[in-house]
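Worksheet: the structure to be examined is printed underneath.
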Amino acid sequence: MSTLEIKDLHVSIDTEQGTKEILKGVSLTIKTGETHAIMGPNGSGKSTLASTVAGHPRYNVTSGTITLDGEDVLAMSVDQRARAGVFLAMQYPVEVPGVSMTNFLRTAKTAIDGEAPSLRHWTKDVKAAMAQLRIDADFTQRNVNEGFSGGEKKRVEILQLELFKPKFAILDETDSGLDVDALKVVSEGVNRAHAEGNMGTLLITHYTRILRYIKPEFVHVFVDGKVVEEGGPELADRLEEEGYDRYVQGAGAATIAAADAAAQA
Amino acid sequence: MTDITTEKARIGAPSSQPFINGFTEEGESLSPLNAAESKSPLAGEAVKAHSHGGGVGIPDSSRAGRLTSYKLADFKPLTGMEEDWRFTPLKRLKGLHTEVLTGTGPSVAVTAPDSVRVETVGRNDARIGSAGIPEDRVSANAWENFSEATVITVPAEVETESEVSVVLTGQGTQAAAQHVVIVAEKFSKAVVVLDHQGTAVVSENVEIVVEDGAQLTVISLQEWNDDAVHASSQQARIGRDAKFKHIVVSLGGDLVRVTPSARFTAPGAEVELLGLYFADAGQHLEQRLFVDHGVPNCKSNVLYKGALQGRNAHTVWVGDVLIRKEAEGTDTYEANRNLVLTDGARADSVPNLEIETGLIAGAGHASATGRFDDEHLFYLMARGIPEDVARRLVVRGFLNEIIQQIKVPAIEERLTAAVERELAATNH
């Protein structure tokens, strides 16, 4: 059982207009076996949270803590975080020139496990995982994400999730840009990884659509860099019907509601 | 990979637009005199004694118009404004273009199977001039000043079991001349490695004759010391149905400028010109190649890949492919890829394709220069891969496409290790 704990996290970025605060005090605790959904309108800071946990250099943590089983995640380099068990499925996976998927997957697996995977089993595992995600076998010969369509890139992110077996998976809008078939395939992949029982999942999404396939126990609504409401799956259903309008229009009231909720917790 | 694609085409087809007599849309056209002269691969028999390939006053807007001559005096002193020298820092040539090349040239040590003939010959040997003719002042300077040449002959129908290794070891910084002739006789098959090491200031002419049906691979490795200056004109004459593979690997040296060319003399031949370069801070690595399709039904494929890192690392790649009017059925493709690893480096890349006939199988060219940037690094590190491993992974993968074409395991290993060393040099 592992715990990823985010406490009162404040994050800013440097822009041409100066420093801009994006996260304004986020607290969140995820345990192994749990699925949390973070939902919110565009620009609410959802993806910033994901990238900050993974350690993207663009984001400056000005205060607050992130710990993984008590270890200070913020003190770790990007690769150390991944080896500690944090996996970020990226919203826009980049194309990496010159590196074949085969080589990349094996190198990453070796780095994460601290030893090279047994070649025979590894090849078999990769093949099987690719087949389940309906990724063509010839993708292994291609360079990482190079020339992949948006949907293919997302599948390849989930392929890595299944192969690397992280303690915590953060899915940054993995559902955006996917058609229904691809969404199902990708969701099944996440559910398979989750079903192994050793992973906590943080699902970041703008839409409720993916929640038909991946069932969160906890839903957090993000507006303007803060959690404004928290609840169970029923909150997602409500968002499906009402959208984010009431938070955005009445952001002040919602903030108070969240503060009340936090006080009660 | 953010690609900055620079493409430049020169298509020598006549324009339907009205034009000034003697000019095409690209500039001054070839004189009829020159066109007649240029049919033969070495621009005719007469030119052996003396030639101005393009005639007086013809600028090198077409590659066919470039001056060729065995005489240094025919080439004007360099100013750096010339099309073929405009990227080269002349000051760093250490006299290769101005001095009489009397220094001691790199020593030559050849290891070859018994079936291969290795000779050291004087200037008057009949094989001198059989494939090459200087196209620039530095090459002509070497031609005028070399005293003896190494001639390597793979006899007819001999297939060598191991590669011919030619180790050229620099003897110091006095400007010197070097001459090597490689002859692959009819239906022979061989791999020749020119292995440049040590410290030298040298202008080198390498003549390569690939006779009918022969299959020859020439690998030119430039693993010089940091202070070396090397200009190397490597000209190949390709016979009927011959296969020629040429691989340039430039890693070491202050200034290295390799100018390979392949001229088809009979139909049915194929050439592959491959290159790999890795420039560190301050290094100037230049490659200018020329594929001359002057006969029908030949194939050429060009791929050069380069990596750059550090301040003022500079690479130049200019690829000239000329499909002459006679060269119907030509199939050609050339590409250059550069990977810029740090700020402060510069890659120039100019693919030129001149096509004088429409009756060809294919002709293409491409160039892309990309950056290995923080987002690539973040992606790989977010998968647990440490930074140094990530960099190595990218560069090794990028350059491997060329390395694996060498197919001499010992050299492949050596180059892989050399690339790792280059990377380790700036890992702090």
Side-chain angles (χ1 to χ4, degrees), chain A residues 50-59 76-114 141-147 153 156-157 159-161 163-167 169-170 172, chain B residues 1-5 276-278 303-309 335-342 347 349 366-404 416 419-420 422-423 427:
Chain A
S51 296
T52 304
V53 176
H56 194 288
R58 180 161 183 239
Y59 302 98
M76 300 179 194
S77 62
V78 176
D79 52 316
Q80 284 170 338
R81 295 179 196 203
R83 292 198 295 273
V86 176
F87 178 88
L88 171 63
M90 299 194 194
Q91 188 176 358
Y92 304 110
V94 296
E95 304 187 357
V96 186
V99 183
S100 72
M101 285 297 300
T102 307
N103 196 358
F104 163 66
L105 292 172
R106 196 176 53 235
T107 306
K109 183 69 176 171
T110 303
I112 289 165
D113 289 2
Q141 302 309 314
R142 294 168 61 178
N143 287 337
V144 176
N145 292 325
E146 212 170 78
K153 284 181 182 171
V156 166
E157 293 294 288
L159 171 69
Q160 295 170 49
L161 169 68
L163 292 170
F164 300 158
K165 305 190 186 308
K167 287 179 181 155
I170 304 168
D172 187 8
Chain B
M1 187 166 179
T2 33
D3 281 353
I4 307 153
T5 304
L276 179 167
Y277 46 93
F278 195 139
L303 177 63
Y304 272 65
K305 293 183 110 175
L308 299 86
Q309 67 179 9
N336 177 224
R337 303 262 179 266
N338 294 299
L339 183 60
V340 180
L341 297 167
T342 65
S349 178
S367 166
T369 297
R371 235 185 103 80
F372 179 62
D373 65 19
D374 292 346
E375 290 301 323
H376 297 129
L377 193 59
F378 176 70
Y379 189 83
L380 296 174
M381 288 178 73
R383 301 304 181 240
I385 302 171
E387 180 171 350
D388 57 334
V389 178
R391 283 188 184 282
R392 227 177 291 153
L393 193 66
V394 168
V395 177
R396 198 198 287 153
F398 180 74
L399 296 179
N400 215 15
E401 193 180 348
I402 302 295
I403 292 178
Q404 68 197 11
T416 303
V419 168
E420 309 269 305
E422 298 271 346
L423 284 166
N427 260 342

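The figures here come from the full heavy-atom set of this structure, side chains too, leaving out hydrogens, waters and symmetry mates. Being a predicted model, the structure only gives us computed values, none of them experimental. In the text below, chain A, chain B and the rest are named by the order of the sequence lines, each starting its count at 1.
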Given side-chain contact (heavy atoms from CB on, under 4.5 Å), test A:V99 with B:V394 step by step and report yes or no.
-> CA-CA 5 Å; A:V99 183; B:V394 168; 3.7 Å; yes
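- Residue with the most contacts toward chain B among A:V86, A:L105, A:N145: A:N145 (heavy-atom pairs, distance under 4.5 Å).
- Neither the backbone nor the side chain of A:P166 comes within less than 4.5 Å of any heavy atom in chain B.
- Every residue meeting the ring-ring contact (aromatic ring centres under 6.0 Å, His included) condition with A:F104, not counting sequence neighbours, appears here in chain and number order: B:Y379.
- Closest non-hydrogen pair, B:G384 versus A:A82, comes out as N-CB, 3.2 Å.
- Contact between A:R83 and B:P386 at its shortest, heavy atoms only, is NH1-CG, 3.6 Å.
- Scored by the side-chain hydrogen bond (donor to acceptor under 3.5 Å, both in side chains) test, A:D113 finds A:K109 as partners (sequence neighbours excluded).
- Note that the NE2 atom of A:H56 and the CD atom of B:E375 stand 3.5 Å from one another [nearest 0.5 Å].
- When every heavy atom of A:G55 is checked against every heavy atom of B:F378, the shortest pair comes out as C-CE1, 3.8 Å.
- In this structure, the portion of B:V389 lying under 4.5 Å from any heavy atom of chain A is its side chain and not its backbone.
- Contact record, B:H376 with A:V96: CD2-CA, 3.9 Å, taken as the closest heavy-atom pair.
- Neither the backbone nor the side chain of A:S100 comes within less than 4.5 Å of any heavy atom of chain B.
- From B:R396, atom CZ reaches atom OG1 of A:T107 across 7.5 Å, with rounding to the nearest 0.5 Å.
- When all heavy atoms are compared, the tightest approach of B:I385 to A:D79 is O-CB, 3.5 Å.
- Neither the backbone nor the side chain of A:N143 comes within contact range of chain B; no heavy atom of the residue lies under 4.5 Å from a heavy atom of that chain.
- When each of A:R58, A:Q80, A:Q160 is scored by its heavy-atom pairs under 4.5 Å with chain B, the top score falls to A:Q160.
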